[in-house]
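Only one structure is covered here, and it is reproduced in the block below.
Because the structure is predicted, anything quoted here is derived from the model rather than measured. Hydrogens, waters and symmetry mates play no part in the numbers below; they use all other heavy atoms, side chains included. The chain is numbered in sequence order, starting from 1.
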Amino acid sequence: MAKHDFSALRAHYPEIIAQMPAVFTSHQFILALAQQYQAEYVRALYAYIDTLHIQTPAPFQFVHAKLSMLLHEFPQLVQLVRDDAPSKDIFGNSNECAEWRKN
């Protein structure tokens, strides 16, 4: 059973996608979603506060992976371009993430 129901955040996807440039990364999308819907975003993070990755707390990593995967549920709005686009994560660390194109 999931620790959190992401439907409140998912409901805002069409609105946030509409605000994105023609091509955008998951990191850009998540940042916009988190900025505009802070309470829902924090609730999701809190639900996974004890989630570990390599024995280190990783609520951001888990929640961001889930938020990125939910973009696949909007094929009428976006299509995946690649899953290895260079990007900086929410903490400014160099990383890779998915790149999307609006339809």
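Nearest heavy atoms, Pro86 versus Arg82: CD-NH2, 3.6 Å. When every heavy atom of Glu40 is checked against every heavy atom of Ala8, the shortest pair comes out as CG-CB, 4.0 Å.
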- Task: Just do the side-chain contact (heavy atoms from CB on, under 4.5 Å) check on Ser26 and Leu71 with the steps written out, would you?
- Result: CA-CA 8 Å; Ser26 292; Leu71 281 164; 4.2 Å; yes
- Query: Can His27 and Asn95 be said to form a side-chain contact (heavy atoms from CB on, under 4.5 Å), step by step?
  - Reply: CA-CA 10 Å; His27 288 156; Asn95 210 326; 4.1 Å; yes
- Item | Verdict with supporting geometry, Asn93 and Lys88, side-chain contact (heavy atoms from CB on, under 4.5 Å) | CA-CA 5 Å; Asn93 299 317; Lys88 292 197 182 285; over 6 Å; no
- Message: Using the rule given for side-chain contact (heavy atoms from CB on, under 4.5 Å), can you reason through Tyr48 versus His4, listing the C-alpha separation, both sets of side-chain angles and the distance that settles it, and then say yes or no?
- Response: CA-CA 8 Å; Tyr48 293 92; His4 183 74; 3.6 Å; yes
- Test log, rule ring pair (Phe, Tyr, Trp, His ring centres under 6.0 Å), inputs Phe60 and Phe91: CA-CA 10 Å; Phe60 283 93; Phe91 299 111; 4.9 Å; yes
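Side chain of Asn103 to main chain of Pro75: a donor-acceptor pair is present (N/O by atom type, distance under 3.5 Å, no hydrogens or angles). Gln38 places a side-chain N or O within 3.5 Å of a backbone atom of Gln35 that can act as its donor or acceptor partner. A donor-acceptor contact shorter than 3.5 Å links the side chain of Gln28 to the backbone of Thr25. Judged by distance alone, with hydrogens and angles left aside, the side-chain atoms of Lys102 form a donor-acceptor pair with the main-chain N or O of Met20 at under 3.5 Å.
Once rounded to the nearest 0.5 Å, the distance linking CG of Leu67 with CD1 of Ile16 reads 11.0 Å. Rounded to the nearest 0.5 angstrom, Cys97 SG and Phe24 CZ are separated by 10.5 Å. Residue Leu33 holds its CG atom at 11.5 Å from OG of Ser68, rounded to the nearest 0.5 Å. If you take CG on Leu9 and CD on Gln36, they are separated by 11.5 Å, rounding to the nearest 0.5 Å. The structure places CZ of Arg10 at 10.5 Å from CG of Asp5, a figure rounded to the nearest 0.5 Å.
Among Val42, Leu45, Ile30, the one residue that satisfies the side chain to side chain contact (heavy atoms under 4.5 Å, CB included) test with Val63 is Leu45. Each of Tyr37, Trp100, Phe6, Phe74 was checked for a ring-ring contact (aromatic ring centres under 6.0 Å, His included) with Tyr13, and the lone residue meeting it is Phe74.
Under the 4.5 Å side-chain heavy-atom criterion for grouping Ile, Leu, Val, Met, Phe, Trp and Tyr, Leu77 is not connected to Val81 through any hydrophobic cluster.
Within a 6.0 Å sphere centred on CZ of Arg101, heavy atoms belonging to other residues, nucleotides or ligands number 12 at most.
Taking the side chain as every heavy atom from C-beta outward, Leu52 and Pro57 approach each other to under 4.5 Å.
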